[in-house]
Amino acid sequence: MKEEISQLLEQALKGLVEEGVLPEETRGTAIQVERARDRKHGDFAANLAMMLAKPARRNPRELAAAIVEALPASDLVRKVEIAGPGFINFFLSPQAWHAVVEEVFERGTRFGHSDIGRDEKIHLEFVSANPTGPLHVGHGRGAAYGSTVGNLLEAIGHPVHREYYVNDAGRQMDILATSVWLRYLELGGAELRFPSNGYRGDYIIDIARQLREEHGEAFQQPVESVFHGLPEDAPDGDKEAHIDGLIGRARHLLGEEAFQTVFLTALEDILADIREDLSAFGTEFDEWFSERSLTSGGMVDHALEELEKSGDVYEQDGAKWFAAEKYGDEKDRVVVRDNGQATYFASDIAYHLNKRERGHDRLIDILGADHHGYIARLKAGLEGMGQPGDSLEVRLVQFAHLYRGKEKLQMSTRSGSFVTLRELREEVGRDAARFFYVMRSNEQHLDFDLELAKSQSSDNPVYYVQYAHARICSVFQQAEDKGFQYSRDTGLANLDQLDEDHEDQLMVTLSRFPEVVEAAARNRAPHQLTQYLRDLANDLHTYYNAHTFLVLEEEIRNARLCLVEATRQVLANGLALIGVSAPESM
RNA sequence: GCGCCCGUAGCUCAGCUGGAUAGAGCGUCGGCCUCCGAAGCCGAAGGUCGCAGGUUCGAAUCCUGCCGGGCGCACCA
């Protein structure tokens with residue numbers, strides 16, 4: 001609809017250039033059409049005349065008059081006015097709004113979708129939490145935000161590949177395996193002081209128990225041999241040295257094969273739990289990409305080769321460095337340590353190179369806000385490997401702070417005293433959780449009040465929107481109970497009988513949906529969609545309270561039902577995009 | 001110290017890539033159910049858009065400086 005207005009203006013512009021009224025260089029001026037905020041200003045407004053005033057050396061109002069004069073006729077437009085400093089205001093005809101209702105039915109669940117993004121393949125990485133324990137509420141925000149952005153991008157036609165990067169390599173994983181093994185020893189009757197830096201959650205004990213069921217006493221070792229001669233743990237000693245010593249001891253006493261068994265059991269258990277959790281949260285991935293596969297598949301070496309080609313890799317102090325500073329990073333980065341091991345930075349850029357080599361035009365990473373330091377170095381790395389730095393787009397998700405009423409809840413994976421995503425889901429429900437997570441801009445800190453999200457009444461916005469949907473369903477149920485036969489065709493044929501302000505308003509809001517979806521997708525801003533859904537629900541509730549739908553006159557009744565049926569469709573489409581259900585009754 | 005994010009109504013936040021008189025929810029106050037679901041609707045009060053400059057027809061929005069809050073600055077993962 002916006003598009004159509006824009007085209008009319010384009011033709012007018014073209015005409016004026018050809019007539020010589022406007023200089024040649026204004027031909028390519030980008031036409032901006034926006035929704036008028038106040039309906040007194042019509043339905044759409046264009047600032048074209050103001051933008052052209054300078055190059056054309058004419059005053060904007062005069063120019064606006066010339067543009068209006070040059071506009072081709074259209075039956076969508078009822079009236080055009082010039083207002084203020086030179087705005088061109090368009091008033092649309094009723095037929096224009098009726099066409100929207102028809103379009104909703106024609107497109108059905110795909111109303112609001114488009115294909116404008118079809119030429120850009122997008123790789124979307126999100127959540128990617130270390131598989132060292134259950135997901136907590138911070139990951140939940142990334143999951144809700146990421147999956148909604150994915151839905152929005154798909155809705156505007158982008159091919160989207162959703163991926164979870166599994167950090168299944170490195171020291172944290174070794175600490176995990178060691179923690180499991182220590183719990184295993186405890187289950188075997190050993191008494192030991194659990195390392196302060198180990199993973200303490202109950203899930204560790206569950207995994208240890210499973211290990212015992214599957215492997216019996218195979219991994220049992222005397223406690224003395226495990227702890228003997230290790231550096232002291234905190235508070236008197238160095239907890240890092242202590243845990244590293246324990247890892248070494250575990251590897252040594254168990255042997256590499258048995259250690260791997262413990263390691264893999266822990267990894268697979270936790271990963272399975274995460275998959276199940278995310279799936280139940282309505283978040284699906286196309287691929288779970290293993291960090292270890294980067295090394296084993298030679299991708300890290302390949303990336304290092306590509307990087308070498310830049311000529312910006314040098315050796316110093318026995319390590320290989322990448323001159324990242326030349327590419328806008330704040331300092332140079334080590335890629336291979338003096339012990340010959342590739343750094344985390346090396347595997348990170350190898351991963352991103354791999355994403356590019358898989359054919360994705362744009363890489364979107366959704367990261368926790370504490371990772372913002374990675375952006376510059378990742379872009380630098382990509383450029384060093386001959387890839388465009390701006391093919392990577394990082395979206396940060398700020399922290400979510402959980403409150404139970406006034407009480408702020410503490411979170412820490414290590415201590416085991418966190419609130420998990422699963423607990424949150426069980427407590428407030430998937431719909432409320434998802435809606436709350438994306439309701440605010442991702443760049444904004446989120447105060448998530450459990451009591452509020454749980455409250456089945458009043459101030460919970462997700463219920464407000466869902467209620468609008470349920471209410472419409474209920475109206476159709478009532479119609480049936482009263483013996484009114486609903487005919488959509490009769491309704492469509494009589495839309496011109498709908499002349500109430502509320503009906504007008506509702507149709508206008510329905511027509512905004514495709515624009516909202518596009519803007520929310522382009523801006524990676526799901527909260528713009530939740531905002532819209534509240535507007536739409538409000539229009540429906542207002543209309544409902546002001547007018548009875550199930551009136552005796554058949555034409556008006558069917559026309560009204562037709563309008564609310566379209567509304568129901570749009571509510572459902574919008575809720576589907578954020579992964580929230582559209583209930584028929586509540 | 002350097003870098004990134006955020007300062008908008010009492011509270012929580014929008015403000016659509018610079019537009020017309022800055023909006024919504026909650027909270028407060030006052031109304032609306034013999035009538036399709038009151039999980040709803042209508043109305044009122046509430047603002048120096050952190051502060052100061054700058055850019056232009058026009059700034060909450062863009063630029064600079066300052067103030068305040070959060071986060072990050074590893075041969076850790």
Side-chain angles (χ1 to χ4, degrees), chain A residues 32 34-38 40-41 45 47 50-51 53-54 59-60 83-87 89 130 132 167 169-175 240 291 316-321 330-331 333-339 341-345 347-348 368-376 396 398-399 439-441 443-447 449 452 455-464 466-468 470-479 481-482 484 512 515-516 518-520 522-523 525 527-528 530-532 534-535 537-538 540-551 557 560-561 564 585-586:
Chain A
Q32 289 178 34
E34 52 191 39
R35 293 273 172 178
R37 207 181 298 170
D38 188 333
K40 288 195 190 86
H41 298 135
N47 61 356
M50 279 129 78
M51 291 177 68
K54 207 167 203 177
N59 92 55
F87 287 105
N89 292 335
N130 285 344
T132 53
N167 293 98
R171 182 162 170 266
Q172 293 306 319
M173 292 304 296
D174 289 338
I175 295 177
E240 301 295 344
E291 181 186 356
Q316 186 183 306
D317 304 330
K320 272 193 186 175
W321 295 69
E330 53 188 35
K331 58 176 78 167
R333 305 288 172 182
V334 173
V335 286
V336 182
R337 281 182 256 170
D338 57 6
N339 64 8
Q341 269 202 319
T343 58
Y344 188 75
F345 172 70
S347 38
D348 252 356
D370 52 335
H371 287 70
H372 68 247
Y374 293 112
I375 303 172
L396 298 174
Q398 295 288 337
F399 294 132
M439 194 166 61
R440 305 280 178 239
S441 158
E443 289 173 354
Q444 202 73 239
H445 290 270
L446 176 70
D447 287 336
D449 186 347
L452 183 71
S455 68
Q456 293 260 326
S457 60
S458 62
D459 38 353
N460 196 336
V462 61
Y463 288 109
Y464 183 77
Q466 288 182 316
Y467 178 47
R471 202 172 214 184
I472 295 168
C473 293
S474 171
V475 167
F476 278 96
Q477 185 58 50
Q478 283 288 332
D481 293 350
K482 291 187 177 179
F484 290 133
R512 278 174 52 207
E515 292 158 32
V516 170
E518 185 186 334
R522 282 189 195 278
N523 298 330
H527 71 276
Q528 292 178 353
T530 59
Q531 197 90 4
Y532 168 83
R534 281 158 71 163
D535 288 348
N538 179 252
L540 185 277
H541 290 310
T542 302
Y543 179 33
Y544 179 95
N545 275 282
H547 303 283
T548 305
F549 304 159
L550 301 177
V551 293
R557 185 179 69 238
R560 287 183 173 166
L561 286 175
V564 297
S585 67
M586 299 174 67

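All figures in this text were calculated on a predicted structure; none of them were measured in a lab. The sequence lines fix the lettering, A, B, ..., with proteins before strands; numbering per chain opens at 1.
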Query raised in the report: Between D535(A) and Q531(A), does any side-chain donor sit less than 3.5 Å from a side-chain acceptor?
Result: no
Query raised in the report: With distance as the sole criterion, do the side chain of N89(A) and the base of rA20(B) form a donor-acceptor contact below 3.5 Å?
Result: yes
Report task. Starting at the 5' end of RNA chain B, write a dot or bracket for each base, bracketing those in Watson-Crick or G-U wobble pairs whose two distances are under 3.5 Å and using | for partners on another strand. Result -> (((((((..((((.....[...)))).(((((.......))))).....(((((..]....))))))))))))....
Query - L550(A) side chain, from C-beta outward: closest of rC36(B), rC75(B), rG19(B) - result: rC36(B)
Query raised in the report: So, does the side chain of D370(A) form a donor-acceptor pair with the base of rG72(B) at under 3.5 Å?
Result: no
**Report entry** Closest listed nucleotide, where the reference is the side chain of R171(A) and the choices are rA77(B), rG37(B), rC71(B)
**Finding:** rA77(B)
Query - rU64(B) and rC26(B), which share atom name C1', separated by this distance in whole Å - result: 38 Å
With 3.5 Å as the limit, what N/O pairs link the protein to nucleotides 1-3 of chain B?
residue: rG3(B); atom: N2; partner: H372(A); partner atom: NE2; Å: 2.3

Query raised in the report: Quick one: does Y374(A) reach the base of rA74(B) with a side-chain donor-acceptor pair under 3.5 Å?
Result: no
Report task. Could you work out which one of rC36(B), rA38(B), rU21(B) sits closest to the side chain of R471(A)? Result -> rA38(B)
Query raised in the report: Do we get R471(A) above Y544(A)'s six-membered ring, with its NZ or CZ under 6.0 Å from the centre and within 45° of the axis?
Result: yes
Query raised in the report: For rC33(B), does the glycosidic angle fall within 90° of 0 (syn) or outside that (anti)?
Result: syn
**Report entry** Which atom of L396(A) lies closest to which atom of H372(A), heavy atoms considered
**Finding:** CD1-CB, 3.4 Å
Query - rG15(B) phosphate, OP1 or OP2, under 4.0 Å from H527(A) side-chain N/O - result: yes
Query raised in the report: Can you tell which of rG19(B), rG70(B), rC75(B) lies closest to the side chain of A319(A)?
Result: rC75(B)
Requested in this report: Ignoring the backbone of D338(A), work out which of rG37(B), rA77(B), rC75(B) is nearest its side chain.
Outcome: rC75(B)
